[in-house]
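I have placed the structure first, in the form of structure tokens, so that the comments after it can refer back to it.
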Number of protein chains: 2
Amino acid sequence: MGHGARGRSGGRPTLEEVAARAGVGRGTVSRVINGSPRVSDATRAAVEAAVAELGYVPNTAARALAANRTDAIALVVPEPETRFFAEPYFSDMLKGVGAELAETEMQLLLIFAGSDRERRRLAQYLAAHRVDGVLLVSVHADDPLPDLLSQLEIPAVISGPRSAMETLPSVDSDNYGGARSAVEHLLARGCCAVAHITGRLDVYGAQRRVDGYRDALLAAGHEVDERLIEVGDFTEEGGRRAMTELLARRPDLDAVFAGSDVMAAGARQVLREEGRAIPADVALVGYDDSAIARHMDPPLTSVRQPIEEMGRRMIDLLLTEIADRRPAVTRDLERRQVVLATKLVTRASC
Amino acid sequence: MGHGARGRSGGRPTLEEVAARAGVGRGTVSRVINGSPRVSDATRAAVEAAVAELGYVPNTAARALAANRTDAIALVVPEPETRFFAEPYFSDMLKGVGAELAETEMQLLLIFAGSDRERRRLAQYLAAHRVDGVLLVSVHADDPLPDLLSQLEIPAVISGPRSAMETLPSVDSDNYGGARSAVEHLLARGCCAVAHITGRLDVYGAQRRVDGYRDALLAAGHEVDERLIEVGDFTEEGGRRAMTELLARRPDLDAVFAGSDVMAAGARQVLREEGRAIPADVALVGYDDSAIARHMDPPLTSVRQPIEEMGRRMIDLLLTEIADRRPAVTRDLERRQVVLATKLVTRASC
DNA sequence: ATCACGAGTGGGAGCGCTCCCACGGTACCT
DNA sequence: AGGTACCGTGGGAGCGCTCCCACTCGTGAT
């Protein structure tokens with residue numbers, strides 16, 4: 001509209017009107033609305049009364065324009081929507097994020113960037129600075145998104161660092177420790193030939209799980225037999241393939257630590273076909289503690305990540321990041337990398 | 001910021017800068033950006049070049065403020081997030097909505113309003129007119145949301161009308177026809193005592209399914225035995241309870257039409273416990289054609305709704321609604337109720 | 001030649017807010 | 001008494017855009 005057009009008086013009340021009603025200036029009302037401490041109690045009460053009477057609700061667009069912020073953050077999922085809904089990982093994450101955000105005035109946007117088209121749209125979106133910050137989940141090592149973000153100077157937090165020298169603030173679960181505890185558990189139960197099916201090694205977390213596997217063996221005085229390690233790709237089919245391979249190389253293995261529950265499911269199929277009983281002949285441990293683990297036959301021991309908590313911590317980090325950015329503070333480049341503990345959930349599979 | 005603060009020149013280019021660069025006025029650039037036809041080809045080309053060179057991206061907040069619109073619409077889900085993820089209904093709907101919206105500049109917001117707290121937040125959100133329109137899914141008959149929406153004069157479309165005289169524009173699948181085709185199919189296969197487990201009867205669609213059930217029987221020359229109808233509540237437990245009840249009343253029944261796949265699953269359990277073979281002794285048909293139907297043993301014949309298409313049509317209606325609202329047209333109160341055909345997917349259960 | 005008209009254009013005003021400067025007042029020093 | 005230090009407050013300026021009015025040209029009818 002612009003221009004005094006829009007049927008005057010029919011519209012929503014403005015700051016100015018509230019100010020007039022409360023008998024104060026615009027600035028004062030603004031201060032009350034934004035919770036500034038520099039307002040006397042009496043004035044604050046008067047303004048609050050006027051706000052209530054008029055049913056005043058701030059105009060977000062005007063605020064965004066004047067203050068140069070949007071009060072919105074985006075959760076960017078570089079996957080097709082299908083995967084998003086299929087994996088409980090995302091819904092748990094979303095729950096944590098939502099819970100933490102409920103405390104604030106911030107609005108959460110869910111953005112899928114699975115297809116090229118969606119990615120172009122996202123780039124446009126970010127270029128328009130339509131969000132104050134971005135949460136990045138499940139990003140591959142070679143994804144250009146993080147760079148785009150820092151180029152545009154948009155605060156971002158990543159879940160699962162891309163490497164040991166991740167430049168973005170990040171939240172991760174302790175992949176190393178989780179893997180290590182899984183293997184230690186197997187060793188404690190008397191297994192002595194523990195195999196490992198890894199995840200895709202271009203995923204940093206999968207590498208760390210391999211490290212944990214190795215160190216657990218070494219710490220227990222075993223040596224690491226490379227024939228007991230087979231690279232998988234996080235899929236069921238990959239789990240089957242790896243398991244077949246491992247059995248061929250070391251038929252005497254008595255335990256398998258799979259880098260994900262899905263791969264464990266694949267491994268289980270092969271073991272069953274080969275007539276190996278679980279856990280009697282071969283003990284099995286997975287990773288993620290997903291629904292699959294609970295419903296497998298036998299129920300699968302698995303490493304649980306505190307995903308909801310991860311979501312919460314990501315928001316914490318991001319809000320700090322956004323707040324700090326305002327008065328151009330030189331950011332301390334140190335520890336904005338959060339690592340949360342995992343927990344081994346033991347079930348019948350070992 | 002306000003005030004010339006923000007380190008000049010570091011910022012993003014504005015309309016004014018594009019205008020200067022192209023050697024035209026602000027108004028002209030605005031016209032080009034918004035695709036107005038009242039611009040000469042030469043001028044348009046010049047402006048587009050300037051936009052490209054400067055990497056100009058419109059400032060959404062400024063536009064929203066001046067034009068009094070947000071270019072965003074909300075998909076409101078009055079359910080806890082958990083249900084949202086659990087049911088493929090929502091993800092299919094989202095897919096359709098997203099696809100249709102990809103054609104436009106509109107932004108989609110996903111808003112959950114399961115808890116009271118979330119609902120209050122939503123009310124606030126709507127009062128602030130932060131969206132141009134709202135998509136309402138799975139709304140109960142007594143939900144105050146639709147009224148709030150029309151009171152605030154926010155365009156809205158509802159999926160699944162609340163009653164036969166729904167006032168909001170709506171998109172629905174043909175519950176009556178779907179139910180009727182299911183029952184007709186059973187009758188055609190020779191069943192003669194077809195029972196029906198209904199959904200919650202405060203859901204209009206569930207009522208329509210009962211109507212379809214009745215009419216199919218009548219049309220085929222059967223009479224309707226009320227003992228063959230038992231009210232369920234869309235849950236598995238409800239399906240079990242209803243099935244038990246039905247078997248007690250009419251042990252001779254030879255077919256069951258369940259108002260949802262989940263209830264069919266419950267019914268199947270009871271039938272199995274009672275030693276009735278499916279489909280030999282009792283034929284079973286569900287509704288929704290969800291994943292459950294495909295994975296049931298035996299696979300369940302079910303009525304499929306074109307959910308993705310429904311999502312698309314909802315967006316169509318909503319966009320029309322929003323566009324029409326601008327020049328205060330007196331809306332024709334007639335047919336803005338879309339009903340889409342269902343399809344019976346036959347499997348081994350009958 | 002004169003007038004009327006529409007197509008194309010420039011730019012003022014205004015959307016509702018935040019930020020900041022300036023101001024009067026009170027309290028506390030010297 | 002004068003100075004200094006705040007505190008609480010009012011209001012100007014400006015954020016980047018859209019809308020509309022006014023203006024300049026052609027062009028065709030008179």
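Chain identifiers are assigned alphabetically (A, B, ...) following the order of the sequence lines, protein sequences preceding nucleic acid strands; residue numbering begins at 1 within each chain. Note that this is a predicted model, so its numbers are computed, not measured.
- Put simply, the side chain of Arg12(A) and the base of dG16(C) share no donor and acceptor less than 3.5 Å apart.
- Contact check, Ser40(B) against dT9(C): a side-chain N or O comes under 4.0 Å of OP1 or OP2.
- Side-chain nitrogen and oxygen atoms of Ser30(A) include none within less than 4.0 Å of the OP1 or OP2 phosphate oxygen of dC17(C).
- Across dT9(C), dT18(C), dC17(D), the shortest atom-to-atom separation from the side chain of Val39(B) is found for dT9(C).
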Residues Arg21(B), Glu17(B); criterion salt bridge (charged side-chain N to carboxylate O under 4.0 Å, His left out); working and verdict:
CA-CA 6 Å; Arg21(B) 174 108 189 189; Glu17(B) 288 163 13; over 6 Å; no
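- In this structure, CG of Asn68(B) is placed 13 Å from C1' of dC17(D), rounded to the nearest angstrom.
- Phosphate proximity of dG10(D) to Arg26(A): absent, as no side-chain N or O sits under 4.0 Å from OP1 or OP2.
- Atom CZ in Arg69(B) sits about 16 Å away from atom P in dG16(C), given to the nearest Å.
- Residues Thr43(B) and Val32(B) have side chains not in contact (no heavy-atom distance under 4.5 Å, counting atoms from C-beta outward).
- If Val29(A) and Arg38(A) are placed on DNA chain D by their nearest nucleotide, the residue sitting closer to the 5' end is Arg38(A).
- In the set dG8(D), dC17(C), dC15(D), dC17(C) carries the atom at the smallest distance from any side-chain atom of Arg63(A).
- In the set dT9(C), dT9(D), dC15(D), dC15(D) carries the atom at the smallest distance from any side-chain atom of Leu65(A).
- Leu15(B) has its CG atom 13 Å from the P atom of dC15(D), to the nearest Å.
- The distance from atom CG of Asn59(A) to atom C1' of dC17(D) is 13 Å, rounded to the nearest whole Å.
- For Val24(A), whose side chain is taken as the heavy atoms from C-beta onward, the closest listed nucleotide among dG10(D), dA13(C), dC20(D) is dG10(D).
- Protein atom CD of Glu16(B) is 10 Å distant from nucleotide atom C1' of dC17(D), rounded to whole Å.
- A heavy-atom distance below 4.5 Å is not found between the side chains of Ile33(A) and Val18(A).
- Within the structure, a side-chain polar atom (N or O) of Asn34(B) is placed less than 4.0 Å from OP1 or OP2 of dT18(D).
- At whole-Å resolution of the value, CZ in Arg31(B) and P in dC19(D) are 11 Å apart.
- For the pair Gln107(B) and Leu109(A), the minimum side-chain heavy-atom distance is below 4.5 Å.
- In this structure, Thr28(B) and Ala62(B) both approach DNA chain C, and ranking their closest nucleotides by distance from the 5' end singles out Thr28(B).
- Two residues are said to be in side-chain contact when any heavy atoms from C-beta on lie closer than 4.5 Å; Ser138(A) and Phe90(A) meet this criterion.
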